[in-house]
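Inspection log for the structure reproduced underneath, given as C-alpha cells.
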Amino acid sequence: MHAVRIRLVTATTVVAALTAVTGCTEKGSSAGSDRVIEVTATDSKCEVSKKEFPAGHVELAIENKGSKVTEVYLLFPDDRIVSERENIGAGTKQTVTAEVKAGDYTIACKPGMKGDGIRQAVKATGGTAAKRNPQLDKAVAAYREYAQEQADATLPKVKVFTDAIKAGDLTAAKNAYAPSRVGWERTEPIAESFGDIDPLTDTRADGLEKGQKWTGWHALEKALWQDKKIGAEQKTLADQLVTDLTDWQQRVGKAVITPTSMANGAKELLDEVATGKVTGEEDRYSHTDLSDFKANVEGAEKAYELLKPVASKNDPALTAELDKQFAALDTQLDTYRTTKTSDGFVSYDTVTEAQRKELSDAVNALAEPLSKLAAAVVK
C-alpha cells in the first residue's frame with residue numbers, strides 16, 4: 001500500500017479545494033490535443049496546462065521537475081481516485097490515460113509521496129461519453145465480477161485470522177495472516193479508489209498521518225511477530241478489521257471501473273510491488289512479502305488478460321511483450337514456492353539482496369510496457 005493515502009474529505013472541504021488551491025498555477029498550454037493535460041510537478045507547485053477539457057478519454061502528460069519522487073492523482077470531488085501514477089522520479093516523465101464524464105475533478109501532485117498533495121481544480125465539459133468497443137464493456141463487467149469474487153472470498157479468510165486472535169492463538173493467527181490478504185492484494189486499486197478504507201486496513205507504521213490511530217493488518221502483524229502478544233487491544237483491532245473489510249466488500253460493486261482504470265490499476269499493482277514488496281517493507285514483521293507480491297501480480301495479470309483482446313488488435317507488439325514479461329515474472333516467483341509455510345512462499349528475510357535485485361529487474365521489465373496498456377485499449 002502507499003506510504004500515505006489521500007484522505008476522504010467533507011463536502012465543505014471539497015468546495016474549498018475546488019475554489020482555492022494553494023500552490024497550483026495554470027500555465028499556457030503547449031499540448032497538441034485538447035485532450036492532453038500537461039502536468040508539471042515540482043517540490044512546491046502543481047502546474048496544469050488547462051483547467052477545462054472535453055469529457056471522454058484524457059491524457060495526463062506528467063513531468064516531475066522537482067527534486068523529490070512524486071505521485072499525481074486525478075480525483076473525483078469527494079477524493080475517490082479516478083486514476084493515479086506513483087513513483088515518478090525527479091527529472092522523469094510519465095503518461096496516464098483516463099476516462100472521465102463531464103464534471104468537476106481535482107489534479108493533485110504529492111511531492112515526496114506524502115500528505116494531501118498540492119491541488120488544482122479542473123473540469124471536464126460536454127456530455128459526450130467516451131466511445132467504447134463492446135469488448136471493453138465485457139472486460140469491465142468481468143473485472144467487476146472478479147473484484148467482487150475476491151472480496152467475497154476474503155472475508156471468510158479474514159474471519160479465520162481474527163477468530164484466532166480473539167481466541168489468543170498466536171500460531172494460528174500467524175498462519176492465517178498472509179492468506180487473509182490475498183484477495184485484497186489482487187484488487188487493491190479498487191479499495192484505494194474509495195479513499196477511506198485502505199488507511200484503516202493496510203497502513204504501515206511509517207505511513208500514518210499525524211493523529212491517525214494505527215489499525216488494520218499491519219498493526220496486528222507487529223503484535224504477532226515482533227511483540228509476540230495478543231491482548232485486549234489486538235482483539236479490538238481484529239473486530240475493527242472485520243468491520244472495515246465488510247464495508248469494502250459491500251462497496252466493491254459500486255466502484256467506478258473503466259477500461260483505462262483497469263489498465264492503470266494493473267500498473268499500480270506493479271508499483272505496489274516495486275515500492276513495498278521487493279524492498280521487504282510491506283510485511284516487515286512477518287516476512288510474508290512474496291505472498292502479497294504474487295497476489296499483486298495475479299491481479300495485474302487478470303486485468304491485462306481481460307483487456308488483451310482489444311489491446312492485441314491495437315498494439316500487438318505491446319501485448320507480445322507483456323505476455324513475455326508476465327511469464328518471466330511468474331516463473332521467477334515460482335522458484336520461491338515452498339510447502340513449509342502457510343502462504344506457500346519462503347520467508348522474505350531468506351531472499352538475498354542479489355535475488356531481490358533480480359526480482360526488482362523483472363518487475364521493472366514488466367512495469368514499463370504495462371504503463372502503455374491504457375493507451376493501447378483506447379486507440
Side-chain angles (χ1 to χ4, degrees), residues 1-10 71-76 78-87 106 108 110 113-117 147-148 150-152 154-155 157-158 161-162 177-178 180-222 237-238 240-257 261-262 264-277 281-284 288-289 291-293 295-296 299-300 303:
M1 58 83 55
H2 305 101
V4 180
R5 297 298 176 197
I6 288 183
R7 298 169 293 180
L8 190 67
V9 294
T10 65
E71 299 174 341
V72 173
Y73 290 80
L74 178 61
L75 302 167
F76 289 107
D78 62 0
D79 265 24
R80 286 177 298 125
I81 299 170
V82 180
S83 191
E84 64 177 304
R85 184 54 47 87
E86 303 174 359
N87 304 308
T106 298
K110 294 175 62 178
M113 302 194 295
K114 293 183 178 181
D116 288 345
Q148 189 65 63
Q150 294 303 309
D152 292 345
T154 294
L155 264 295
K157 294 177 181 178
V158 169
F161 174 55
T162 56
Y177 169 76
S180 76
R181 291 174 53 76
V182 170
W184 170 275
E185 291 292 334
R186 285 173 176 160
T187 59
E188 193 166 4
I190 295 289
E192 291 176 355
S193 72
F194 298 127
D196 58 337
I197 296 178
D198 185 84
L200 296 173
T201 59
D202 201 27
T203 297
R204 304 191 302 257
D206 56 346
L208 295 171
E209 295 199 41
K210 186 177 181 180
Q212 180 185 352
K213 180 182 178 182
W214 195 16
T215 59
W217 270 298
H218 296 301
L220 291 167
E221 178 199 7
K222 178 180 181 293
L237 288 175
Q240 183 176 344
L241 182 62
V242 172
T243 298
D244 293 334
L245 290 173
T246 299
D247 182 24
W248 161 63
Q249 177 197 26
Q250 294 171 349
R251 288 162 69 176
V252 165
K254 302 173 185 177
V256 177
I257 302 174
S261 74
M262 288 170 60
N264 290 327
K267 175 60 167 61
E268 290 163 26
L269 286 170
L270 265 290
D271 289 340
E272 290 282 340
V273 172
T275 58
K277 281 69 173 186
E281 295 176 59
E282 181 80 358
D283 298 296
R284 64 190 65 176
T288 56
D289 303 84
S291 175
D292 284 4
F293 189 143
N296 285 159

Rounded at 0.5 Å granularity, tell me how far CG in Leu220 sits from CD in Gln240. 9.5 Å
Taking all heavy atoms of Thr187 and all of Ala147, pick out the closest pair and write down the distance. CG2-CA, 3.9 Å
Worked check of side chain to side chain contact (heavy atoms under 4.5 Å, CB included) between Lys157 and Phe161: CA-CA 6 Å; Lys157 294 177 181 178; Phe161 174 55; over 6 Å; no
How long is the gap from CZ on Arg80 to CG on Asp196, to the nearest 0.5 Å? 10.5 Å
Heavy-atom distance under 4.5 Å between the side chains of His218 and Thr203, does that happen here? no
Quick one: list whatever passes salt bridge (Lys or Arg N to Asp or Glu O under 4.0 Å) with Arg181, sequence neighbours left out. Glu185, Asp202, Glu282, Asp283, Asp292
What residues, two or more places apart in sequence or in another chain, satisfy salt bridge (Lys or Arg N to Asp or Glu O under 4.0 Å) together with Asp244? none
Between Ala151 and Val252, what is the shortest heavy-atom contact and its length? CB-CG2, 4.0 Å
Please report the interatomic distance CH2(Trp184) to CG(Asp198), rounded to the nearest 0.5 Å. 4.5 Å
Could you go through the side chain to side chain contact (heavy atoms under 4.5 Å, CB included) check for Leu75 and Ile81 one step at a time? CA-CA 5 Å; Leu75 302 167; Ile81 299 170; 3.8 Å; yes
Could you go through Glu268 and Arg85, starting from their C-alpha distance and side-chain angles, then the distance that decides it, and tell me whether this counts as side chain to side chain contact (heavy atoms under 4.5 Å, CB included)? CA-CA 7 Å; Glu268 290 163 26; Arg85 184 54 47 87; 6.0 Å; no
Separation between CG of Asn296 and CZ of Arg186, rounded to the nearest 0.5 Å: 10.5 Å
In short, Leu155 meets Leu245 closest at the heavy-atom pair CD2-O, 3.6 Å
Does Arg284 have any side-chain contact (heavy atoms from CB on, under 4.5 Å) partners at least two apart in sequence or in another chain, and if so, which? Arg204, Asp206, Glu281
Closest non-hydrogen contact found for Ile190 with Ala255 is CG2-CB, 4.0 Å
With sequence neighbours excluded, tell me which residues meet side-chain contact (heavy atoms from CB on, under 4.5 Å) with Ser83. Val96, Ala98, Asn264
Do the side chains of Thr201 and Leu241 get nearer than 4.5 Å, heavy atoms only? yes
Closest heavy-atom pair and its distance - Leu269, Gly299: CD1-C, 3.6 Å
What is the distance from atom CG of Leu270 to atom CZ of Phe293, rounded to the nearest 0.5 Å? 8.0 Å
Any residue meeting side-chain contact (heavy atoms from CB on, under 4.5 Å) with Thr154, in chain and number order, not counting sequence neighbours: Val158, Trp248
Walk me through whether Glu84 and Asp271 qualify under side chain to side chain contact (heavy atoms under 4.5 Å, CB included). CA-CA 11 Å; Glu84 64 177 304; Asp271 289 340; over 6 Å; no
Heavy atoms of Ala266 and Ala300 approach each other most closely as O-CB, 3.6 Å
Restricting to side-chain contact (heavy atoms from CB on, under 4.5 Å), what partner residues turn up for Ala274, sequence neighbours left out? Val363
Kindly compute the distance separating CD (Glu272) from NZ (Lys267), expressed to the nearest 0.5 Å. 11.0 Å
